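Naming: A, B, ... by sequence-line order, numbering from 1 per chain. Note that this is a predicted model, so its numbers are computed, not measured.
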Amino acid sequence: MLPYMIRRLALAVPLLLAVSLVSFVIMQSVPGGPLAIYRNNPNVRAEDLARLEEKLGLNRPLPVQYGIWLRNFVTGDWGQSLASGRPVTEMIGERLLNTFYLMGTAFLLTLLLAIPIGVLSAMKQYSLFDYLATLFSFLGFSVPIFWLGLMAIIVFAVELGWFPAGGMRTIGLPFSLTDRLRYLVLPVSLMAFHSAGQYSRYVRSSMLEVIQQDYITTARAKGLAERIVVLRHALRNALIPLITVVALDLPALFSGTLLVETVFAWPGMGRLFWRSALRFDYPVLMGIIIVTALLVILFNLLADVLYALVDPRVRLVAKGAF
Amino acid sequence: MGEGLLTSSNPSAISFGPRKAVHDSPGRRAWLRFRRHRMALLGSGILGLILALLIFAPWVTGYDPNAQDLGMRLKPPSLQHPMGTDELGRDVFTRILYGGRISLAIGLAAMAVSVTVGTLLGAISGFFGGWVDTAIMRLVDVVVAFPSLFLLIMLASFLGSSLLTIVLVIGLLAWMRVARLVRASFMAIKGHDYVTAARCIGCSPRHLILRHFLPNALGPVIVAATIDVSAAILTESALSYLGLGVQPPTATWGSMLRYAQDQMTSAPWTAFFPGFMIFLVSIAINFIGDGLRDAFDPRQMEK
């Protein structure tokens with residue numbers, strides 16, 4: 001297992017290099033360079049611009065710039081935000097946890113909804129419940145999540161006043177769990193609504209497959225209660241493929257989180273990325289791009305390791321880019 | 001295609017009863033299966049209605065989508081303005097119709113890009129195999145593993161957001177599923193006898209790909225293409241909502257949402273209708289895609 005993990009992590013290095021190189025080229029390929037927007041700003045004097053260029057090393061040839069960026073990046077100097085002047089590492093560090101907090105809670109709620117729905121759908125295949133669950137999953141992934149967020153704000157925050165419209169906690173209030181939860185309800189339920197339907201479909205089909213296996217027939221023949229057969233024997237094995245589904249869904253999850261953070265003014269990484277993109281704050285963008293890529297790689301690795309742990313038939317062999 | 005030939009040489013097709021011009025073909029059977037999918041029919045109906053409204057927009061509404069009427073700002077839905085007016089007194093219904101044209105056109109064009117690129121790369125990968133295949137599939141893995149919205153935001157903000165760049169950027173980040181499908185179906189029929197036979201009688205790779213390989217991939221690609229349209233419409237609306245899509249005064253459903261946000265508590269209709277249209281079109285297309293999947297699935301035989 002350990003050699004496998006090390007080899008996989010080693011394979012991630014060229015990938016991260018490729019991601020950083022591509023992002024770097026995109027940001028430098030703007031006509032006028034990365035500082036182009038400042039050129040049209042009458043408040044920025046030409047000599048200031050030149051000084052900034054000098055300081056950021058933008059007047060050197062591209063390969064040299066990339067080399068310098070890479071060296072600094074590896075040594076932990078990710079540069080300063082052009083907008084706020086603060087170190088990029090500090091800014092990302094602050095928001096990464098907030099994003100995890102949001103994504104993690106949403107993920108838990110998704111599973112809490114998806115697994116029972118999927119199991120019930122499979123047990124009562126083609127029933128009204130199964131039909132409604134399918135409809136629920138179609139609604140979930142067809143609805144634009146940012147629009148649903150705005151509608152939820154209008155109804156539950158503005159009209160009814162049950163939950164706050166945005167943010168993560170009441171500013172100035174000492175830590176309180178109920179306060180935190182109140183801010184979580186709207187964004188987290190939206191994210192769960194968006195993915196729970198899809199996940200429940202996977203649980204359903206995987207349950208239907210497992211339930212036909214011989215060992216389930218054996219368990220039933222032994223006279224075990226149906227509840228025990230389903231929950232102890234079938235569900236355990238039916239949930240294994242879900243690990244892969246979640247791992248494959250992860251990039252989409254990050255994208256969805258960005259939208260939800262934007263709608264609900266959640267101080268996370270996605271919202272920071274969006275605001276930095278509007279301001280052409282490229283050191284911040286570079287940092288977040290790399291962190292996101294690294295996270296996706298790490299979670300994929302985690303999914304593979306988990307899979308091998310729960311399914312003894314799987315042996316891990318290092319192959320491929322991920 | 002070669003279906004007519006096949007049925008006419010099939011003895012069971014010759015009947016002595018009254019001649020009725022109903023011949024059996026895979027396409028017809030697929031259509032019969034699709035027709036039985038109620039949600040797909042509902043989706044087609046909704047989509048058809050919306051398309052008709054968008055196409056005949058100038059006859060459906062008398063307003064100019066960009067005509068401002070500052071005396072009529074933020075009026076709630078009424079008989080004159082069925083979806084109300086926005087912050088500049090423009091008719092929301094009219095803007096929905098004209099904006100929908102842009103949103104749908106972007107969705108279709110981005111799908112065309114992703115299907116073309118995906119088919120091309122998938123075909124090369126599946127037909128030639130070897131290191132070409134490995135290289136293309138690794139590229140697919142890399143692009144798939146990255147949260148596309150992050151790249152879209154970066155590209156749109158740095159490359160600017162003209163219609164063309166939006167279409168290209170969305171399409172070029174969505175070709176991977178089609179590439180995988182085309183490759184898989186190529187691999188599946190590679191070893192079949194009729195392909196070997198076609199090779200033996202000296203068919204060129206071009207002929208092999210166009211006449212034997214690609215038709216085989218058609219079903220799954222049509223399904224993926226359908227779903228790609230709704231995904232592209234959602235992506236475009238997300239970009240426009242984030243302020244990185246098509247720029248004003250051109251309306252798209254996403255950009256209407258963006259500007260509605262500022263007064264959505266006092267004038268919720270300005271935010272409700274554009275998003276609801278995105279939702280309606282997206283779910284209609286997804287239902288159609290589901291129906292097509294059942295229709296093209298050869299395992300789904302008539303019961």
| request: Give, as side chain, backbone, both or neither, the part of A:Val158 having an atom under 4.5 angstrom from any heavy atom of chain B. | output: side chain
| What residue, out of A:Leu250, A:Leu259, A:Leu285, has the most heavy-atom pairs lying under 4.5 Å from chain B? | A:Leu259
| remark: From the list A:Phe254, A:Phe146, A:Trp274, the residue making the most non-hydrogen contacts under 4.5 Å with chain B is A:Phe146
| task | Report yes if some heavy atom in the side chain of A:Met151 is under 4.5 Å from a heavy atom in the side chain of B:Phe276; otherwise report no. | result | no
| Region of B:Met137 that comes under 4.5 Å of a non-hydrogen atom in chain A | neither
| Closest approach of B:Phe272 to A:Trp147 (non-hydrogen atoms, all atoms of both residues) | O-NE1, 3.2 Å
| field | From B:Met39 atom CE to A:Thr134 atom OG1, the distance as rounded to the nearest 0.5 Å | value | 9.5 Å
| Do A:Leu135 and B:Phe287 have side chains that get closer than 4.5 Å, going by heavy atoms? | yes
| remark: Correct closest heavy-atom pair for A:Pro144 and B:Gly275 would be CG-O, 3.9 Å
| field | Heavy-atom proximity to chain B below 4.5 Å, by part of A:Tyr131 | value | side chain
| remark: Looking only at A:Thr262, A:Leu139, A:Val19, most heavy-atom pairs under 4.5 Å shared with chain B are made by A:Leu139
| field | Top contributor to chain A interface from B:Thr265, B:Ile278, B:Leu242 [non-hydrogen pairs under 4.5 Å] | value | B:Leu242
| said: Using every non-hydrogen atom in the two residues, find where A:Ala293 and B:Phe146 come nearest and quote the distance to one decimal. | reply: CB-CE1, 3.4 Å
| Where do A:Ser142 and B:Ser282 come nearest, in terms of heavy atoms and distance? | O-OG, 2.9 Å
| Ring geometry between A:Phe280 and B:Phe158 (parallel below 30°, tilted from 30 to 60°, perpendicular above 60°) | perpendicular
| In terms of heavy-atom proximity below 4.5 Å to chain B, should A:Ile289 be classed as side chain, backbone, both, or neither? | both
| query | Can you tell me how far CE of B:Met154 sits from CD1 of A:Ile26, rounded to the nearest 0.5 angstrom? | reply | 3.5 Å
| query | Are there more than 12 heavy atoms of other residues, nucleotides or ligands under 6.0 Å from atom CD of A:Gln125? | reply | yes
| said: Looking only at heavy atoms and a cut-off of under 4.5 Å, which of B:Ser237, B:Ser230, B:Gly243 has the most pairs with chain A? | reply: B:Ser237
| Audit row: A:Phe141, B:Ile283, side chain to side chain contact (heavy atoms under 4.5 Å, CB included) steps and yes/no | CA-CA 8 Å; A:Phe141 72 81; B:Ile283 198 162; over 6 Å; no
| Does OH belonging to A:Tyr202 count more than 12 external heavy atoms closer than 6.0 Å? | no
| said: Please find the pair of heavy atoms, one from A:Pro251 and one from B:Val144, that lie closest to each other, and give the distance. | reply: CG-O, 3.6 Å
| From OG (A:Ser23) to CZ (B:Phe150), nearest 0.5 Å | 12.0 Å
| B:Leu244, part contacting chain A, at a heavy-atom distance under 4.5 Å | side chain
